[in-house]
Structure formats: C-alpha cells, structure tokens
Number of protein chains: 2
Amino acid sequence: MYFTQGLHRAVQLKPDAAATVCGQRIHTFSVLRDRVARLAGALQALGVGRGDTIAIQAFNSDRYLEFFLASAWLGAVANPVNFRWSGPEVAYSLKDSAARMLFVDDQFATLALAIRDEVPSLRHLLFIGDARCPAGMLDVESLIEKASPIEDRHVGGDELFGVFYTGGTTGAPKGVMLSHLNICSSALALMAEGSFAEGVVGLHAAPMFHLGDMMLIAGILQRCGEHVMLPVYRPELALKAIQERKVTDLLLVPAMIQMLVDYPGIAEHDTSTVQRLMYGASPASEALLLRAMAALPTAKLTQVYGMTEMGAVMTVLPPSAHTPEGRSKGYMRSAGRAAYHVQVRIGDESEPKPANEVGEILVRGPNVMRGYLNKPDATAATLSGGWMHTGDMGYLDESGYLYIVDRLKDMIISGGENVYSVEVENAIASHPDVAVCAVFGVPSAEWGEVVHAAVVLKPGRSALTLEKLVAHCRALIAGYKCPRSFELREAMPMSGAGKILKAELRKPHWEGRSRAVN
Amino acid sequence: MYFTQGLHRAVQLKPDAAATVCGQRIHTFSVLRDRVARLAGALQALGVGRGDTIAIQAFNSDRYLEFFLASAWLGAVANPVNFRWSGPEVAYSLKDSAARMLFVDDQFATLALAIRDEVPSLRHLLFIGDARCPAGMLDVESLIEKASPIEDRHVGGDELFGVFYTGGTTGAPKGVMLSHLNICSSALALMAEGSFAEGVVGLHAAPMFHLGDMMLIAGILQRCGEHVMLPVYRPELALKAIQERKVTDLLLVPAMIQMLVDYPGIAEHDTSTVQRLMYGASPASEALLLRAMAALPTAKLTQVYGMTEMGAVMTVLPPSAHTPEGRSKGYMRSAGRAAYHVQVRIGDESEPKPANEVGEILVRGPNVMRGYLNKPDATAATLSGGWMHTGDMGYLDESGYLYIVDRLKDMIISGGENVYSVEVENAIASHPDVAVCAVFGVPSAEWGEVVHAAVVLKPGRSALTLEKLVAHCRALIAGYKCPRSFELREAMPMSGAGKILKAELRKPHWEGRSRAVN
C-alpha cells in the first residue's frame, strides 16, 4: 500500500474532476498530479532523497495536500508540525526529525525565519503562502513552474510515510513513525465500514497536521473524492463551504461539533448534502451527539477511537450504534468495536481479561506505528510482546464493544477508590447549564486526591453552584465519584488536536506537589 | 495484516454465532477458535514450524477452513492442491513446495497413499474425511481432541500465507507465493466496495483450493460472517443450501452461473436472501449475466477480475455497472476499474499508454504476489520494474474502465490482423442457440491461423450451421474476425477453477505443428 496510489487511480477514473478546492482555487486530478510530480522534481533537485524528512507548519490548504503527496512521491518522510506550537517546540521537533526542509505559509513565515539557525539539518525554507515570498525562502509556486516532473518512486508498505509528533496533552512530544501501510490500511478499514463513499466531498476542517484528518485525506484519495480545504475552523466558514461545495463528509472533534451546534446561524445554511459525520480524538457526551444529530439530520454518525500511534484507527462505532435502538443498548457511550484490520485485547500480552473486566487496552494490526523516533526504550515498552500498549483503561462487553474508562494517567485515586474521570464528566456534561467540562484529581490531605471539575457554562447561564452540581451528579453516579470542588472557566485550554489540556488545568492545583499516578 | 485477525475479532463480537456450516455440522466462532488452536498445537507437536509448508487435497468443508486457519496460526505455509489433479500432478506440487503434511478427505485418501513415497519431504498424511481413518494416516478429529491449544503466533504482513499452484490452462504449474498482506488487503478492498456486508452468510460453492474462493473466505472472516460449505458444486445442492441457511453472498464462476440458471428447479427454491453475486475467473457473456439477474433478482452483481498472482483482486466492476444505465454505457463488457488498493497501467514499466490504446495490463499494489516458488527467472520477468506483468492485453477507457481483449497467448494472428478471441466469443455467445463457446486459432496455409470456434448448444437446439453462425457474427464484428470453421461439442473441458481449457481444445488441431504465438 502506498499513499500516492489513490492519486494515480483518480487520474485514471476522473482526470478532469475537482481534486482540491481552496477558496477560489480549484485543481483537477490531472493538474494535481502534474503539480505533485513537479514539486517532487524540485525537491529532488534541492537534495531531498528517499528517507529524508521534510516538515511543514501551515494552516490547511491545497498546498498542504501537495506537500504530503510530493513527499510520498519522493519516498521522503513528512513531518507535519502542530500549528499551535511555539518556536522552541517547533525547533525541537525539526531537530528531532532532522528535517531538511520546512514548508510554511504566511502565518508561520516569521517563526520559521526566527528558528532556522537553531536547526542544523535545515537546508531550505519553502513558502506556500499567498503573499509575496519573504526573503530567505524559496517560493513553491515558482519551483513547481520551473521544475520537470519526475516519476513516482512508489515507496510504500512498511517504509515511513511520516513522523507525527504526539499531542502534548502530557509529557514531552514524541515523534510517532508511521508507515504507508499504517495509514492506508486504516483508511481502507474505514472505507470497509462505508465511510467516505463514492462521490465523497470531504471538508478538511480539523487541522491537517493532525492524524485524525489524515484519515479523511487518505480516505478521500482512495475514493477519488474532492478535498475542500478550510484554513482554520470557524463554524460560519465551515457552513459556507458545506453549502457551496455540497460537502458530504465531515470529520470533527467534539469541541468543533460543539461550536457548530452552538452557532446561531446554522439553520440558515444548507447542510442537507452532509451524509456522514465522523468524530473522535476526545470523548463526546451523549447530549452533544444528540444535538449534532438534530442539527445535521441527514448525517450518519461514526465514532473513531484511536491515537497517533495507531495510524489512527483502532475501534469504530458505526452509524447503527447511534440509532434509537443502538442508543437504548448504551452503545453511544462505547468507543465501538475493533476496526476491520485490528485485534483489540484488554489485559496484558500473555492473557486477555474476560468481558466486562477493566484493564489496559492493547492493539495489534497493520495500523500500529513503527515506533517512536529516537526513543528505542519508549518504543520497546509501548510495543512489547507484539502489542501496542495504549495506556488507556477500558473493558469490552460481550458483543465486543469497547468502553474506555480512562487514560491510565488520568485516573483519580481517592481514598483507595479508582475514579474514572470520563464517567464523572459524562454526569456533569448532562447538566443543562454545562457547555464543556473536565474532571481531574486535586490533592487532599485526607483522601490523597479528590475529584475536581472545571466547567464552562453555556452562554447566558451563571447560576451553577457546587451544591446544585453535586445534587445533579448524585442522581447519576456514586457519591465518592462526585466533585468535591469545582471552578468556572470562560474557556478550556485546548491542544492543537482539539483535546482539553488537562495538564494545564491540573497545574495550579499541584504546584509543588507530585501526583501518585502520572 | 494477518489471516487469523478476523477469527479473533469474531470471537470478541459474537462468540456464539454460527461460524461454519457443513451439512449437519455447525460450529460457533468460539468452538472454531478452540479447534484451530488445538489443531495448530497438534501440528506443532508433529514438527510443523514457522515457514513450513502443509498441503491439502479435499472437497470443500469446515475442516478445509480449519486447515487454513491452523496453518496461519502456526505461521506455516498452506498449499491447497487442485482436486481435479492426477497423482503425478499432485506429487509435482508437493515436491515443489516441500510439503511436510498432506491433509485429505475420503475422496483423495487413495491417491495420497499412492503418491506418498514419491514425496520425500512428506512426513504425515492427515485424514479429514467422515469415514474411518485409513491405515497409515492420522485422524485429525482425534488429534484435535487430544491436543493442547497453542497461542496464535500472529504471523502476517509480508510473510507467506500460502503457495497456490496456477491453473494449468497453459504450461507447467507454477507455485504462486502469496503473503498475508496480499490476501487480506484484497479482501479488505472488496469490503470497501460493499462486498460481504455485515451479516454475511456466504456459500463456498467454488472450490476452496482456488484463490477466487479465498476472497470469500477472507472477506467473510473479516466481516465475522457465516461460512456455508458445499463439498462440490451442483446447482440443486447450492439452491438447497441458499434456502436453508439464508445465504446472502455467492461467488461463482460463469460456468457455475450457467448451470444455476439452466437448472429447471431454480424457481422452486427461495433465493430471496441472496444480496450479492460476485463472479469472475473467466469472461461472462452479457446474455448470461442478464439471465443471472433475472434468476436472482435480489442479487447485486459484482465482477472481480484478477488472477492468482494478484492475490486475487485487480479490478472490480461494481453493481452500478450492471444497472440499465451502466449497461447502456457498455460497462458490463468491461472488467471494471482498479480496485481500491491497486494501480493499473496499460503499456510497459516506463510509460503508460493513453486511454483506448491496447497494450499489456500491468498492476502494482499490496496484492501482487511475492513471486513464483523456485522460479527466480520467471519471478524476475513477471515482476520486472516493480509491476506485475499480467500477460493479458487490454485497454482503459477515459473513465478508467478496463477492457480485456485477450490473453497474450490466446491472441489469434490471421493474415497479419490481430484477432482477440474474447470479442469473437462475445459475438457467438449472443446467438440464441449457443450455451458456451470458445474461440482459438487453427493452422491455415494461407493465413497462418484462422479463427475457429468450439460451441456447446443449449439443450434441445441442434440446427446451428457455420453459415448461420457467421451470418450472426458478421452483424456484430468484422469479417476477418468471424470463425472460418467450428465444431459442436457436448461439453467443454474445464479446469478446476472453472476456466475452459483452450489448450485441450487446440491440441487436435495443432498436432505436429507449432503456433507462432504461444
């Protein structure tokens, strides 16, 4: 399996169809192939060889996709950098991956110029913005214009497609090495679920540096569909693009869904072309999903649970689990069943736990990463015994539905009782005043840790007290699981991938102390 | 990707559902896993290690599937032997693959005992029949009963799953080495087309030694569906099984479809559960497909074009091409478009030909074989430049539909004109009196070769003359393509895979001569 396969197939099937739509700029598949073959030629002339790393820090655009395709065409390794990262973080990632090139758009040109000298491997900065190319950079449009196209090297299988630096919700970033097989097999497994069907028009609303959106990229490519680029996510821009391009497929993280359903102008836009909404990356409350279904009634919902290390798909909760019948069985609280290409196990390498028993979630399959770059010990620990150790805790029911109870490091141990924060969050999120919440442990002399909640209220609500919140929760969960304290916030600190940064929320509470579990 | 993955997933999702149905014998997924783990344990105890070859010659049965699963569980290499082969052919294949075990059922026990001494690598004969175990063989049921289950070795990816000896339509058999990735990626690509949907009950009507049926095996496994075994194909048995087990998916070669639609009792059986009919392996006339659609009105048709070397899927003609609209565009004469995991090219390694130009069909993708066993030269020639050279001639239209004009070796050169036998066969097959036909070249002093047709008439028809046949064809194709001679036959010589053996038809005409093209 190789990433460029879908492009070749699309040129054969519908050379004159729209491949990429980026604002007013529309390229057909034959134009896209020509641009990719030329960009690869230009990069080769600049010294990029098979296995060399090239990086990008940019908002979503058609040129971002061309970067991925040209990198694969050459057999290079792509390092798509989180666009919310600061200079030192970007420099760390480029040094770690020994990147030879950095592609940037208008937004990140200044940062790139500021850090270039800190990264000895970096030969060139390449500009893919719309403004004039800054001094000291090469303009990619001019390179494409002048270069001769080269043949696809057809690199694939177990060879590296990219290095994806993990989130930063906790700890130092690790470069996850993913092969062509990792990514293409995950996309194909989603296609076998019916995702990205023939005729797909997909909206790249989530950041393209994130592996979640990579599923949409690879899936649309393999289905020969249309890629619609949204530079950054704003509900009004998303709705405009959906209406204009008759978008069929959305991939959103829960925070994006929240913004969409809260957007007052949603009903004024035609969203009736949306057939599928894929969500994942962080837990979504049932209340939010019901609002999403009401707001986008033509969309079938699919949840994908995965992580960067699993290229990105591990379990899938199909549309059938979101129907009234599926909901009545509680499936919407599940992360779904093993995807078509993987094996999921609860327990350890030598023995699985029986159904309904909580343990660490292990995964095996063609999706599992090749390892962490430059971190052989972390790689060996995470992949020991041939299984990917996710660090998440969960259980499987008798029908193979996976329920995630918490990330190992997020578990709160209070008075010897394990409290899984997701369960508490689900309880709090169902309160009518709550927009978003996050639950974590804070230090307690008496209990070690006690449960604490950070809450963002819905617009116009302000009357929530701890007493009322606890009263609401006690009706749903055991007393020891209810929050002992809470804080109201204007907004949550979010990662580039749309995850709530619990580490940041935790920090002020733990200043000068260390947690028992971390 | 690994072949046993679907079994693990099925045990997790529905341990108590029927996995295999073989006559009155029904096993659930948890029983199947247990039997496979024990059989693997028994084989390990008998000395079968990772990479060792084990063979089978048997009619279809649940034990055939257990053989494949236990072989993969151990990391062994399966050699499923064509059950129409004679003793010397079986011995050749076992020697070539250095098989250590041979599994046989009642039908092939005598043959196995007769050839065992000719195959030095052969340690044991294993009996999977229903009668008493013959002397000199080990009874598999007793082995399973006594053995301890072992853990799955989880062999997969590029490691070998099996050696499949090619057809024998021409030349000496070659052992095609196929990896787990070859087979599983092909099945997953078919699933992405909507084949073998959730809830599949598939009928193994085609022989399980053939790679065509392997797609049904692997597809049903990955969808956690039910395998219904038909020991040998007879329309009345197939119809009975369809009705009893509510079969949803059929995979048949055209000769089997012909027998089914010609069977007088078809209307007395309930076939309304059949949702999908997959066909391939040899060309099917449009007339036959229309009859199949009329006989099985609930079934959506999908054609798969491939060959053993392509593990088995290369192009797919989806149900949409079989609708009146698709037919009006002529798609039903096509072999379909590149499957979701492959790239198809017409031409040579360095350059593709433009649309509508005939050339050799090349393929690249995770489906392409690892090579021919013990035949490095043939492997290098077939896989040169990273492309699988199919030896078939065809062209792609502007929408990527592939039209096969002939196998290179089947092409007739008459008076300097190339005649592609498929085109002539399509013309002849549309004559109302014709049931099956085959076209090939016979020697001619004047033209080198001339076009000759072998024809089987429909029951009750006998009035066909060459004059009438040519008059019918001239309305459809150029004069030089029409047959100059023809022969009426009771039946066609068929290969185990359901292909017409043209080599046998040709032989009497070419006795003592050699063809220019072969």
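Quick caveat: nothing in here was measured; it's all calculated off a predicted structure. So you know, we letter chains A, B, ... as the sequences are listed, proteins then strands, and number each from 1.
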Name the member of H154(A), Q222(A), R223(A) that forms the most heavy-atom pairs with chain B at distances under 4.5 Å. H154(A)

Checking P15(B) against chain A: side chain, backbone, both or neither under 4.5 Å from a heavy atom? side chain

Sequence neighbours excluded, which residues qualify as side chain to side chain contact (heavy atoms under 4.5 Å, CB included) partners of S185(B)? M1(A), M1(B), L181(B), H341(B), P366(B)

Positions in residues 310-324 of chain B that reach chain A, provided some heavy atom is under 4.5 Å away: none

Do M191(B) and M191(A) make a side-chain contact, defined as non-hydrogen atoms from C-beta onward lying under 4.5 Å apart? no

Looking at A192(A) and L188(B), what are the two nearest heavy atoms and their distance? CB-CD1, 3.8 Å

Proximal component of A339(A), with respect to chain B [non-hydrogen, under 4.5 Å]: backbone

Got a sec, which residues hit side chain to side chain contact (heavy atoms under 4.5 Å, CB included) with R333(B), two or more places apart in sequence or on another chain? E286(B), Y403(B)

Heavy-atom closest pair, residues R337(B) and L13(A): NH1-CD2, 3.6 Å

Heavy atoms of other groups near K300(A) NZ, more than 12 under 6.0 Å: no

Smallest separation among heavy atoms of V344(A) and Q12(B), with atom names: O-NE2, 2.7 Å

Best-contacting candidate, L396(A), L190(A), D397(A), N367(A), against chain B by heavy atom pairs under 4.5 angstrom: L396(A)

Using a 4.5 angstrom heavy-atom cutoff, name the option from E193(B), R345(B), E198(B), R364(B) with the most pairs to chain A. R364(B)

What's the separation between atom SG in C224(A) and atom OH in Y340(B), rounded to the nearest 0.5 Å? 7.5 Å

With chain B as the partner chain, list the residues of residues 2-10 of chain A whose heavy atoms fall under 4.5 Å from it, by residue number, and write 'none' if nothing qualifies. Y2(A), Q5(A), H8(A), R9(A)

In terms of heavy-atom proximity below 4.5 Å to chain A, should E151(B) be classed as side chain, backbone, both, or neither? side chain

